[in-house]
Amino acid sequence: FYSLQVQKTNQVVGLVEPIRTTEKKKKKGYSASRREKRKEERCDDQTILEIFQQSLSASKSAPHLSPQEWNAKLREITESKSKVVILDCRNSYESNIGHFRVDKATTVLTNTRKYSDLPKVLLHQKEKLQDASHIFMYCTGGVRCERASSFLQTMLNDGNVTNTEIYQLHGGIQRYLEQPESDLYKGKNFVFDPRRTDPNHNGTVGRCLVCNNPHDDYDNGQSVCSEREARCCKCRILILVCDECRTCT
């Protein structure tokens, strides 16, 4: 990193954004379906805030598993024919180039644009997550899972006793890929520094957004500092577009 910034903050990473107290004026011709959608969104926001506040006073986040324990427990439980969910707590541009894949387990890629979108995804996936006997959560370095696992436990308990066991990967993908047995993670690990991805990786899982051919380099061989990466023209999120398709478009 080129600089260091120190500041006081309430959250290391912001899981929940403040609810807007003011509404925009209704535009002429504002459709009923749009008004209904906004009403549902406000209800979701209020529910998420309540769960988050409850999670702050909860006992603790989900238990940690070392990379070795993570591998052993995943293999053991999936062989027992239990319903296992592997939950990726990262954003879409991170999971697009790498994620965990285990036979007989369901991998849930939340496909969020930013971390604060995660609670809404979890809320909408609540039934699927409640149906699982075990949930294995992971992120890049383990920080995001601390708050997210506490939120998830509070949401699934919902005042009742749940049979779903939740675990999080200690040290995240970063520490996992440092171990000799890191075969359950497929692809690359996205990192937030000039490297863009961790040098340790297991094959290619990314796909070009245009032609769907294997591709996992946002910078197409260029230096990250040159800012030649492919981004969506609307939301500016990183996207995968191979060299050939970049030339065509």
Side-chain angles (χ1 to χ4, degrees), residues 61-112 115 117-119 121-153 155-156 162-191 197-208 212-217 240:
S61 57
H64 296 80
L65 295 178
S66 69
Q68 295 83 0
E69 292 170 332
W70 175 272
N71 278 355
K73 203 165 192 68
L74 260 174
R75 289 190 171 107
E76 175 191 349
I77 295 174
T78 51
E79 286 301 321
S80 68
K81 297 182 179 180
S82 299
K83 291 184 178 179
V84 177
V85 166
I86 304 175
L87 181 62
D88 194 321
C89 295
R90 301 171 301 157
N91 300 316
S92 60
Y93 54 88
E94 299 171 82
S95 59
N96 281 343
I97 60 172
H99 47 262
F100 278 95
R101 285 183 189 167
V102 181
D103 292 339
K104 302 177 184 177
T106 301
T107 298
V108 175
L109 305 179
T110 51
N111 291 323
T112 53
Y115 183 56
D117 292 336
L118 182 61
V121 175
L122 296 179
L123 188 64
H124 291 172
Q125 297 271 354
K126 184 176 179 179
E127 290 186 7
K128 179 188 288 187
L129 297 171
Q130 279 181 324
D131 193 44
S133 61
H134 297 78
I135 297 175
F136 292 77
M137 305 176 64
Y138 68 93
C139 57
T140 306
V143 177
R144 282 176 280 185
C145 283
E146 285 295 321
R147 184 64 71 199
S149 66
S150 181
F151 179 91
L152 181 60
Q153 287 182 128
M155 184 188 76
L156 294 185
T162 177
N163 295 321
T164 305
E165 294 184 31
I166 304 172
Y167 305 98
Q168 56 177 314
L169 178 59
H170 184 65
I173 305 165
Q174 189 73 44
R175 292 288 175 261
Y176 181 84
L177 290 177
E178 293 175 357
Q179 307 304 314
E181 295 185 7
S182 57
D183 56 302
L184 297 185
Y185 187 82
K186 311 298 182 183
K188 293 180 177 179
N189 179 33
F190 187 100
V191 293
T197 58
D198 193 300
N200 299 317
H201 62 90
N202 296 320
T204 301
V205 301
R207 295 275 173 177
C208 172
N212 202 39
N213 285 329
H215 179 68
D216 61 4
D217 184 3
L240 292 167

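Just so you know, these numbers come straight off a predicted model, no measurement behind them.
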* Asked: Is the count of non-hydrogen atoms from other residues, nucleotides or ligands lying under 6.0 Å from Asp103 atom CG greater than 12?
  -> no

* Structure fact -> Correct closest heavy-atom pair for Met155 and Leu129 would be CE-CD1, 4.4 Å

* For Thr106 and Val85, indicate whether the former's side chain and the latter's backbone hold a donor-acceptor pair under 3.5 Å. => no

* **Salt bridge flag under 4.0 Å for residues Arg175 and Glu178** => yes

* Could you walk me through whether Gln68 and Glu181 pass the side-chain contact (heavy atoms from CB on, under 4.5 Å) check? -> CA-CA 8 Å; Gln68 295 83 0; Glu181 295 185 7; over 6 Å; no

* **Results of ring-ring contact (aromatic ring centres under 6.0 Å, His included) for Phe190 - residues two or more places apart only** => Tyr93, Phe192

* Please test Val84 against Lys104 for side-chain contact (heavy atoms from CB on, under 4.5 Å), starting from the C-alpha separation and ending with a verdict. => CA-CA 8 Å; Val84 177; Lys104 302 177 184 177; over 6 Å; no

* Heavy-atom closest pair, residues Cys208 and His215 -> N-CB, 4.0 Å

* Asked: Measuring from Asn163:CG to Leu156:CG, what's the distance to the nearest 0.5 Å?
  -> 11.5 Å

* Structure fact -> Note: Cys145 and Gln168 closest approach over all heavy atoms is CB-OE1, 3.2 Å

* **Evaluation steps, side-chain contact (heavy atoms from CB on, under 4.5 Å), between Leu109 and Asn96** => CA-CA 9 Å; Leu109 305 179; Asn96 281 343; 5.7 Å; no

* To do: Apply ring pair (Phe, Tyr, Trp, His ring centres under 6.0 Å) to Tyr176 and Tyr138, showing your working.
  => CA-CA 10 Å; Tyr176 181 84; Tyr138 68 93; 9.0 Å; no

* Structure fact -> So the salt bridge (charged side-chain N to carboxylate O under 4.0 Å, His left out) pairs with at least one residue in residues 130-141 (sequence neighbours excluded) are Lys83-Asp131

* Check whether any side-chain N or O of Thr110 sits under 3.5 Å from a backbone N or O of Leu87 as a donor-acceptor pair, and report yes or no. => no

* With a 4.0 Å cut-off, would you call Asp216 and Lys186 a salt bridge? -> no

* Asked: Would you find a donor on one side and an acceptor on the other, under 3.5 Å apart, between the side chain of Gln174 and the backbone of Gly141?
  -> no

* Closest approach of His134 and Ser82, non-hydrogen atoms and distance? -> ND1-CB, 4.3 Å

* To do: Name all pairs fulfilling the ring pair (Phe, Tyr, Trp, His ring centres under 6.0 Å) condition that reach into residues 71-90, sequence neighbours left out, sorted by first residue then second.
  => none

* **Name of the residue among Ile97, Asp217, Asn189 meeting side-chain contact (heavy atoms from CB on, under 4.5 Å) with Thr197** => Ile97

* Intermediate values then yes/no, side-chain contact (heavy atoms from CB on, under 4.5 Å), Leu65 and Leu74 -> CA-CA 10 Å; Leu65 295 178; Leu74 260 174; over 6 Å; no

* Heavy-atom distance under 4.5 Å between the side chains of Asn111 and Asp117, does that happen here? -> no

* Structure fact -> Rounded to the nearest 0.5 angstrom, the OG-CG distance for Ser61 and Leu152 is 11.5 Å

* **For the student: nearest non-hydrogen atoms of Val205 and Gly187, plus distance** => CG1-N, 4.0 Å

* Do any N or O atoms from the side chain of Ser133 and from the backbone of Glu165 form a donor-acceptor pair under 3.5 angstrom? -> no

* Asked: So do the side chains of Arg90 and Ile173 get within less than 4.5 Å of each other, counting heavy atoms only?
  -> yes

* Can you check whether Ala132's main-chain N or O pairs, donor with acceptor, with Thr164's side chain at less than 3.5 Å? -> yes

* Asked: Do you know which two heavy atoms are closest between Ala62 and Gln153, and how far apart they sit?
  -> N-NE2, 3.6 Å

* Asked: Tyr115 side chain to Arg144 main-chain N or O, any donor-acceptor pair under 3.5 Å?
  -> yes

* To do: Identify, with sequence neighbours excluded, every residue that meets ring-ring contact (aromatic ring centres under 6.0 Å, His included) alongside Phe136.
  => Trp70, Tyr167

* Asked: Does some side-chain heavy atom of Leu184 sit less than 4.5 Å from a side-chain heavy atom of Ile86?
  -> no

* CG/Asp88 to OG1/Thr140 distance, rounded to the nearest 0.5 angstrom? -> 8.0 Å

* **Lys126 NZ: over 12 foreign heavy atoms closer than 6.0 Å** => yes

* To do: Could you tell me which residues satisfy salt bridge (charged side-chain N to carboxylate O under 4.0 Å, His left out) with Arg147, sequence neighbours excluded, listed by chain and number?
  => none

* To do: Using ring-ring contact (aromatic ring centres under 6.0 Å, His included) as the criterion, list what pairs up with His170, not counting sequence neighbours.
  => His64

* Structure fact -> Separation between CG (Leu122) and SG (Cys89), nearest 0.5 Å, reads 7.0 Å

